[in-house]
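In each ligand, atom 1 is the first atom listed, and ligand 1 is the first ligand listed. Computed from a predicted structure; not experimentally measured. Below, all heavy atoms of this structure are taken into account, side chains as well, without hydrogens, waters or symmetry copies.
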Amino acid sequence: SPKHKYYKEINEVIAEHIKYAAKLDIDNTWELIHDEGEMKVFKREMEEDGMVVDPLKAVHTVKGITGHEVCHYFWNPDVRMEWEGTLESAQVLDWFSEDTCVCYQIHKKVWPTTQREALFWTQIRHVPNEDEDEDGPDYWIVCNYSIPDHDKCPASKNVRINMNVAMVCETSMEPPSSHDGEITRDHITCRITYAANVNPGGWAPASVLRAVYKREYPKFLKRFTQYVMDQTKDKPIMF
Ligand SMILES: CCCc1ccc(-c2ccc(S(=O)(=O)CCO)cc2)cc1[C@H]1C[C@H]1c1ccccn1
């Protein structure tokens with residue numbers, strides 16, 4: 001029985017992201033817009049009703065942290081204001097379950113676009129490898145998905161964005177032969193696939209939006225991953 005209004009939608013949206021992350025099809029339809037160290041950011045140019053809705057995909061490999069840790073800090077509403085530099089406010093309106101809540105956040109005005117806000121459900125999920133053989137993929141995933149309304153959503157004049165965002169992580173560990181059994185952060189690597197489909201709502205010139213995306217997404221991903229490394233370096237590993 002559906003536990004809450006969005007139960008079915010959440011399972012469908014998450015399943016879709018897992019399917020795409022597993023494929024990781026970065027074919028020539030994706031244009032590389034930022035390439036720095038292990039971080040590569042791609043876009044596709046797409047417009048809906050004359051509005052730039054470019055899908056964005058980033059792949060990043062970070063040593064010393066796990067997919068569970070990346071997803072924990074990306075999902076946890078309590079720490080969002082600590083790493084998300086483009087937010088003016090963020091609040092939880094509702095809890096569907098311990099891993100799923102509804103967030104309302106107002107983004108800072110990103111010159112020269114107008115101020116925007118987002119209302120979305122966010123879920124963190126561990127997807128262990130289902131086939132019995134050991135080396136199947138094991139994902140941690142967070143998905144942020146817009147909802148049209150919520151009775152606790154404050155009235156505002158801001159433009160509402162529509163987004164479907166997912167952070168999918170896979171952790172790899174060096175074989176036990178390379179260490180005497182005790183796994184330290186030197187032996188772990190996290191492969192992050194970040195997919196953002198954001199319809200910015202209210203019109204803005206395509207050239208302006210594309211320049212903002214090109215500047216803001218790499219900055220955001222660098223700042224977030226650095227935050228996770230800083231938060232976890234002296235803590236026990238979350239596998
Ligand atoms: C005119 C559209 C403005 C605009 C609104 C919103 C967002 C945006 C929404 C959600 C998420 S997230 O990954 O779900 C983390 C939770 O906040 C990241 C980004 C991006 C842009 C575009 C400007 C780009 C940008 C990218 C990254 C961070 C901030 N802004």
Side-chain angles (χ1 to χ4, degrees), residues 10 13-14 17 20-21 33-34 36 39 41-60 67 70-93 100-125 140-147 156-169 192-228:
I10 292 173
V13 168
I14 293 238
H17 279 298
Y20 274 106
I33 59 170
H34 186 88
E36 183 185 352
M39 185 202 304
V41 184
F42 303 86
K43 75 168 181 184
R44 272 194 186 136
E45 298 215 343
M46 266 170 70
E47 302 198 4
E48 267 167 29
D49 317 326
M51 287 254 306
V52 164
V53 291
D54 297 0
L56 187 121
K57 186 182 276 249
V59 288
H60 195 7
V70 169
C71 286
H72 169 76
Y73 288 102
F74 184 71
W75 173 82
N76 184 356
D78 294 344
V79 300
R80 185 143 320 133
M81 291 299 286
E82 289 177 25
W83 57 266
E84 236 281 37
T86 70
L87 290 186
E88 195 172 279
S89 68
Q91 59 190 102
V92 173
L93 301 185
T100 312
C101 64
V102 173
C103 294
Y104 171 73
Q105 53 187 46
I106 299 176
H107 282 258
K108 288 173 183 165
K109 187 172 165 17
V110 181
W111 186 87
T113 65
T114 54
Q115 183 142 49
R116 275 158 166 88
E117 65 177 35
L119 174 68
F120 57 96
W121 53 256
T122 179
Q123 179 173 92
I124 182 169
R125 188 183 295 190
W140 276 91
I141 177 168
V142 174
C143 182
N144 294 340
Y145 193 84
S146 291
I147 57 176
S156 93
K157 64 191 179 318
N158 297 321
V159 171
R160 179 76 61 81
I161 69 165
N162 189 39
M163 69 176 175
N164 177 357
V165 171
M167 182 83 80
V168 183
C169 299
I192 302 169
T193 306
Y194 174 80
N197 297 281
V198 173
N199 181 322
W203 188 82
S207 57
V208 163
L209 272 179
R210 288 186 168 129
V212 169
Y213 281 29
K214 187 177 169 77
R215 187 185 70 230
E216 292 295 330
Y217 276 110
K219 197 164 76 173
F220 152 80
L221 289 163
K222 269 176 75 173
R223 177 180 165 132
F224 169 67
T225 47
Q226 187 56 55
Y227 172 80
V228 177

K.L.:
Could you tell me, atom by atom, which parts of ligand 1 come under 4.0 Å of a heavy atom of Tyr217?
P.N.:
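Listed by number with element: 20 (C), 26 (C), 27 (C).
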K.L.:
If I apply the N/O under 3.5 Å rule, does Glu84 come out as touching ligand 1?
P.N.:
yes
K.L.:
Taking the side chain from Asp49 and the backbone from Met51, do they hold a donor-acceptor pair closer than 3.5 Å?
P.N.:
no
K.L.:
Which atoms of ligand 1 sit under 4.0 Å from any heavy atom of Leu209?
P.N.:
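Numbered from 1, ligand 1 contributes 1 (C).
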K.L.:
Considering heavy atoms of the protein only, find what lies nearest to atom 10 (C) of ligand 1 and give residue, atom and distance to 0.1 Å.
P.N.:
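Here the nearest protein heavy atom works out to Met163 SD, 3.3 Å.
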K.L.:
Give the numbers and elements of all ligand 1 atoms closer than 4.0 Å to a heavy atom of Pro200.
P.N.:
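Per the distance check, 1 (C), 2 (C).
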K.L.:
Quick check on contacts: which atoms of ligand 1 are under 4.0 angstrom from a heavy atom of Ile161?
P.N.:
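Answer for ligand 1: 6 (C), 9 (C).
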K.L.:
State, to 0.1 Å, how close Tyr227 and Glu82 come at their nearest heavy-atom pair, and which atoms those are.
P.N.:
OH-OE1, 2.6 Å
K.L.:
Verify, without hydrogens or angle tests, whether Trp121 (side chain) and Asn144 (backbone) share a donor-acceptor contact under 3.5 angstrom.
P.N.:
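It does not hold such a pair.
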K.L.:
For His107 and Asn158, test the side chains for any donor-to-acceptor distance below 3.5 angstrom and give the result as yes or no.
P.N.:
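No - no donor-acceptor pair under 3.5 Å links their side chains.
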K.L.:
Under a 4.0 angstrom heavy-atom cut-off, which atoms of ligand 1 come close to Arg116?
P.N.:
1 (C), 2 (C), 3 (C)
K.L.:
Please find the pair of heavy atoms, one from Lys214 and one from Ile33, that lie closest to each other, and give the distance.
P.N.:
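Shortest heavy-atom separation between Lys214 and Ile33 comes out as NZ-O, 3.1 Å.
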K.L.:
Near Val165, which atoms of ligand 1 are under 4.0 Å from a heavy atom of that residue?
P.N.:
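So the answer, numbered in order with elements, is 13 (O), 14 (O).
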K.L.:
Just to be sure I'm reading this right: ignoring hydrogens, which of Gln105, Met51, Lys109 gets closest to atom 16 (C) of ligand 1? Compare them by their nearest heavy atoms.
P.N.:
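Heavy atom nearest to atom 16 (C) of ligand 1 belongs to Gln105.
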K.L.:
For atom 23 (C) of ligand 1, what's the nearest protein heavy-atom neighbour? Residue, atom name and distance, please.
P.N.:
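Residue, atom and distance for the closest contact: Val212 CG1, 3.3 Å.
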K.L.:
Tell me yes or no: between the side chains of Glu84 and Thr86, is some donor less than 3.5 Å from an acceptor?
P.N.:
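Result is yes, a qualifying pair exists.
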K.L.:
Provide, to 0.1 Å, the distance between atom 7 (C) of ligand 1 and the closest protein heavy atom, together with that atom's residue and name.
P.N.:
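For this ligand atom, the closest protein heavy atom is His107 CE1, 3.8 Å.
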K.L.:
So, the side chain of Arg80 versus the backbone of Trp75: is there a donor-acceptor pair under 3.5 Å, distance only?
P.N.:
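Checking the backbone N and O of Trp75 against the side chain of Arg80, a donor-acceptor pair under 3.5 Å is found.
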K.L.:
Classify the ring geometry of Phe220 against Tyr217: parallel below 30°, tilted from 30° to 60°, perpendicular beyond 60°.
P.N.:
perpendicular
K.L.:
Looking only at protein heavy atoms, which one is nearest to atom 24 (C) of ligand 1, and what is the separation?
P.N.:
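Answer for atom 24 (C) of ligand 1: Glu216 CB, 3.8 Å.
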K.L.:
For atom 4 (C) of ligand 1, state whether the nearest protein heavy atom is under 4.0 Å away.
P.N.:
no
K.L.:
Is it the case that the side chain of Arg116 and the backbone of Pro200 share a donor-acceptor pair, with hydrogens and angles ignored and the cut-off at 3.5 Å?
P.N.:
yes
K.L.:
Assess Val110 for proximity to ligand 1: is some non-hydrogen atom of it under 4.0 Å away?
P.N.:
no
K.L.:
Look only at interatomic distance and state if Asn144 has a nitrogen or oxygen under 3.5 Å from any nitrogen or oxygen of ligand 1.
P.N.:
yes
K.L.:
Answer yes when Glu117 and Arg160 have at least one side-chain N-carboxylate O distance shorter than 4.0 Å, and no when they do not.
P.N.:
yes
K.L.:
Please state which protein non-hydrogen atom is closest to atom 22 (C) of ligand 1 and give its distance, to 0.1 Å?
P.N.:
Tyr213 CE1, 3.5 Å
K.L.:
With a 4.0 Å cut-off on heavy atoms, is Phe120 in contact with ligand 1?
P.N.:
no
K.L.:
If you apply the rule side-chain contact (heavy atoms from CB on, under 4.5 Å), what do you find for Ser156 with Gln115, and how did you get there?
P.N.:
CA-CA 11 Å; Ser156 93; Gln115 183 142 49; over 6 Å; no
K.L.:
Geometry only, no angles: is Tyr194 polar-contacting ligand 1 at N/O separations under 3.5 Å?
P.N.:
yes
